[in-house]
Amino acid sequence: MKLGLLSAILPDNTFEQVFDYAADVGFKCVEVCCWPKGKAARRYAGVTHIDITDITREKMDYYLNYAANKGLAISSLAYYPNPLDSDLEAREIAVNHIMALIDVSAQMGINMLTTFIGKDKNKTVEENLEIYKEVWTPIIKHAENNKVKIGIENCPMYFTKDEYPGGNNLASTPAIWRKMFELIPSDYLGLNYDPSHPCLLMADYIKPVYEFKDKIFHMHIKDLMVYQDKLDEYGVMSYPSLWHAPKLPGLGDVDFAALCSALNEIGYKGYACIEIEDRAFEGSEEDVKRGIEQSYRYMRQFV
């Protein structure tokens with residue numbers, strides 16, 4: 001495995017600053033956020049370390065060469081919108097940007113895009129699967145034509161009041177993944193697997209590593225803590241921000257030794273990018289970097 005960093009946690013840094021820092025820490029790759037320029041509606045979104053607006057061959061080569069000169073790979077171009085948004089204009093913007101990122105990822109030789117399936121939070125899973133097939137079939141066809149793998153993060157996106165009742169990302173459970181892969185069978189559609197999300201759902205996060213070993217295209221390394229006293233107070237049917245918090249790897253409930261053992265057993269040799277969302281390490285950029293470096297030291301035990 002190649003240990004890396006998701007660039008979202010350094011939103012005010014330039015591409016060069018992110019890669020300089022990642023190289024200094026010792027990372028092997030960076031998952032580069034490529035949102036359209038503009039204000040985002042949620043935390044960790046709207047980050048643009050590669051702006052594909054009017055991108056040229058010269059700019060693409062510059063990014064690739066800068067990363068290579070630092071001894072780093074670009075693991076993926078990252079963009080996490082809601083491509084199944086009930087707002088059709090927002091949906092179209094998301095889909096169009098995904099299509100454009102597929103083109104750029106292919107032209108840069110990265111051949112990976114990490115993103116969300118999206119979801120209409122007010123419709124059933126079954127209804128969303130119908131929309132998914134309609135919206136994502138041409139996306140995956142475009143990815144196939146360009147030989148770009150699409151790694152879907154398994155985040156449910158139902159943490160806060162505005163994401164209730166159904167969440168904003170369909171691809172949250174093994175049962176749904178099986179149906180997704182059945183409806184759109186493709187070697188270019190897989191997972192950007194994050195163990196913290198099944199942990200949040202009170203589900204086994206090791207078992208899917210074995211079942212979906214051929215579908216894990218990319219990994220996120222993130223932890224979380226479920227506070228039992230708060231869960232006792234609010235119950236599992238309440239929105240999870242009431243009873244859980246994202247944590248640095250090793251400070252929450254995920255057993256990363258067991259996870260990495262499973263990944264080694266299936267022969268996973270891809271990218272594993274640390275995702276930092278721990279509010280205890282967000283007081284300043286110095287705190288953020290302290291959290292990144294602590295996470296790196298912890299994960300180097302296993303990767």
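Source: prediction; values computed, not measured. When a residue number appears, it is its place in the shown sequence, counting from 1.
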(Q) Is it the case that atom NZ in Lys59 sees more than 12 heavy atoms from other parts of the structure closer than 6.0 Å? (A) yes
Q. Are Leu64 and Val148 connected in a single hydrophobic cluster, I mean Ile/Leu/Val/Met/Phe/Trp/Tyr linked by side-chain heavy atoms less than 4.5 Å apart?
A. yes
(Q) Test side chain to side chain contact (heavy atoms under 4.5 Å, CB included) on Ile50 and Ile55; report intermediate values, then the result. (A) CA-CA 9 Å; Ile50 291 180; Ile55 196 166; 4.2 Å; yes
Q. Which heavy atom in Ile98 sits nearest to a heavy atom in Pro81, and how many Å separate them?
A. CD1-CG, 4.4 Å
Q: Test Glu16 against Tyr62 for side chain to side chain contact (heavy atoms under 4.5 Å, CB included), laying out the working first.
A: CA-CA 10 Å; Glu16 292 83 0; Tyr62 170 79; 2.6 Å; yes
Q) Is there a donor-acceptor contact under 3.5 Å linking the side chains of Glu153 and Thr115? A) no
Q) Which residues satisfy the salt bridge (Lys or Arg N to Asp or Glu O under 4.0 Å) test with Arg300, sequence neighbours excluded? A) none
Q: Mind listing the closest non-hydrogen atom pair of Gln107 and Met60 along with its distance?
A: OE1-CE, 3.2 Å
Q | Donor-acceptor pair, side chain of Asn169 and main chain of Cys155, under 3.5 angstrom | A | yes
Q. What residue pairs, at least two apart or across chains, pass ring-ring contact (aromatic ring centres under 6.0 Å, His included) with a residue in residues 92-114?
A. Tyr79-His97
(Q) With salt bridge (charged side-chain N to carboxylate O under 4.0 Å, His left out) as the criterion, how do Glu233 and Lys230 come out once you've worked through the C-alpha distance, each side chain's angles and the decisive distance to 0.1 Å? (A) CA-CA 5 Å; Glu233 181 72 15; Lys230 295 181 180 180; over 6 Å; no
(Q) For the residue pair Lys70 and Phe19, would you count it as a cation-pi contact if the rule is NZ or CZ under 6.0 angstrom from the ring centre and within 45 degrees of the ring axis? (A) no
Q) For Glu89, what residues pass the side-chain contact (heavy atoms from CB on, under 4.5 Å) criterion, not counting sequence neighbours? A) Asp87, Ile93
Q) Cut-off 3.5 Å, side chains only: do Tyr132 and Glu127 have a donor facing an acceptor? A) no
Q: Give a yes or no on whether the backbone of Leu101 and the side-chain of Ser105 come within a donor-acceptor separation of less than 3.5 Å.
A: no
Q: Establish, yes or no, whether a centroid distance under 6.0 Å links the rings of Tyr63 and Phe15.
A: yes
Q | Ring-ring centroid check Phe302 Phe256, cutoff 6.0 Å | A | no
(Q) Within the 3.5 Å criterion, strictly below it, is a donor on Thr114 or His218 matched to an acceptor on the partner's side chain? (A) no
Q. More than 12 heavy atoms of other residues, nucleotides or ligands under 6.0 Å from NZ of Lys222: is that the case?
A. yes
Q: Please report the C-alpha distance between Arg178 and Glu211 in whole Å, then the side-chain angles of each, then the deciding distance to 0.1 Å, and finally whether the salt bridge (charged side-chain N to carboxylate O under 4.0 Å, His left out) criterion is met.
A: CA-CA 10 Å; Arg178 290 186 206 104; Glu211 179 178 351; 2.6 Å; yes
Q) Got a salt bridge between Lys121 and Glu163, using NZ or NE/NH1/NH2 to carboxylate O under 4.0 Å? A) no
Q. Parallel, tilted or perpendicular: which fits the ring planes of Tyr80 and His220, with parallel below 30° and perpendicular above 60°?
A. tilted
Q. Do we see a donor-acceptor contact under 3.5 Å between the side chains of His142 and Asn145?
A. no
Q | Residues Phe116, Asn192; criterion side chain to side chain contact (heavy atoms under 4.5 Å, CB included); working and verdict | A | CA-CA 9 Å; Phe116 287 151; Asn192 179 20; over 6 Å; no
Q: Determine, step by step, whether Tyr158 and Tyr164 satisfy the ring pair (Phe, Tyr, Trp, His ring centres under 6.0 Å) criterion, reporting the C-alpha distance in whole Å, the side-chain angles of both residues, the deciding distance to 0.1 Å, and the verdict.
A: CA-CA 6 Å; Tyr158 84 121; Tyr164 246 56; 5.7 Å; yes
Q. Could you walk me through whether Leu231 and Val236 pass the side chain to side chain contact (heavy atoms under 4.5 Å, CB included) check?
A. CA-CA 6 Å; Leu231 190 58; Val236 73; 4.3 Å; yes
**Q.** Heavy atoms from other residues, nucleotides or ligands near CE of Met237 exceed 12 (cutoff 6.0 Å)
**A.** no
Q | Exercise: do Asp232 and Gln228 side chains pair donor with acceptor under 3.5 Å | A | yes
Side-chain donor-acceptor contacts of residues 257-268 below 3.5 Å, not counting sequence neighbours, with atom names and distances?
unit_1 : atom_1 : unit_2 : atom_2 : d
Asn264 : ND2    : Cys260 : O      : 3.1
Glu265 : OE1    : Tyr210 : OH     : 2.9
Tyr268 : OH     : Tyr271 : N      : 3.1
Tyr268 : OH     : Tyr271 : O      : 2.6

Q: Say whether Phe217 and Ile152 are linked into one hydrophobic cluster, either directly or through other cluster members, by side-chain heavy-atom distances under 4.5 angstrom.
A: yes
Q | Members sharing Tyr227's hydrophobic cluster (side chains within less than 4.5 Å) | A | Met225
Q.
Are the side chains of Asn122 and Pro165 in contact, using a 4.5 Å heavy-atom criterion?
A. yes
Q | ILVMFWY network linking Met112 to Val104, side-chain heavy atoms under 4.5 angstrom | A | yes
Q. Do the side-chain N and O atoms of Ser7 and Glu31 include a donor-acceptor pair separated by under 3.5 angstrom?
A. no
Q.
Looking at Lys123, is its backbone amide N or carbonyl O close enough to the side chain of Asn128 to form a donor-acceptor pair, meaning the two atoms are under 3.5 Å apart?
A. yes
(Q) Side chains of Leu10 and Ile292, heavy atoms from C-beta outward: is any pair under 4.5 Å? (A) yes
(Q) Could you check whether any side-chain heavy atom of Val135 comes within less than 4.5 Å of a side-chain heavy atom of Arg91, counting everything from C-beta outward? (A) yes
(Q) Assess whether a salt bridge exists between Asp51 and Lys37, defined as any Lys/Arg side-chain N lying under 4.0 Å from an Asp/Glu carboxylate O. (A) no
Q) Stepwise, does the side-chain hydrogen bond (donor to acceptor under 3.5 Å, both in side chains) test hold for Tyr188 with Asn111? A) CA-CA 10 Å; Tyr188 290 87; Asn111 299 107; over 6 Å; no
Q. For the rings on Tyr296 and Phe27, is their centre-to-centre separation under 6.0 Å?
A. yes
**Q.** Within 6.0 Å of CG in Asp24, more than 12 heavy atoms from elsewhere
**A.** yes
(Q) Taking salt bridge (Lys or Arg N to Asp or Glu O under 4.0 Å) as the definition, give me every residue that meets it alongside Glu285, ordered by chain and number, with sequence neighbours left out. (A) Lys289
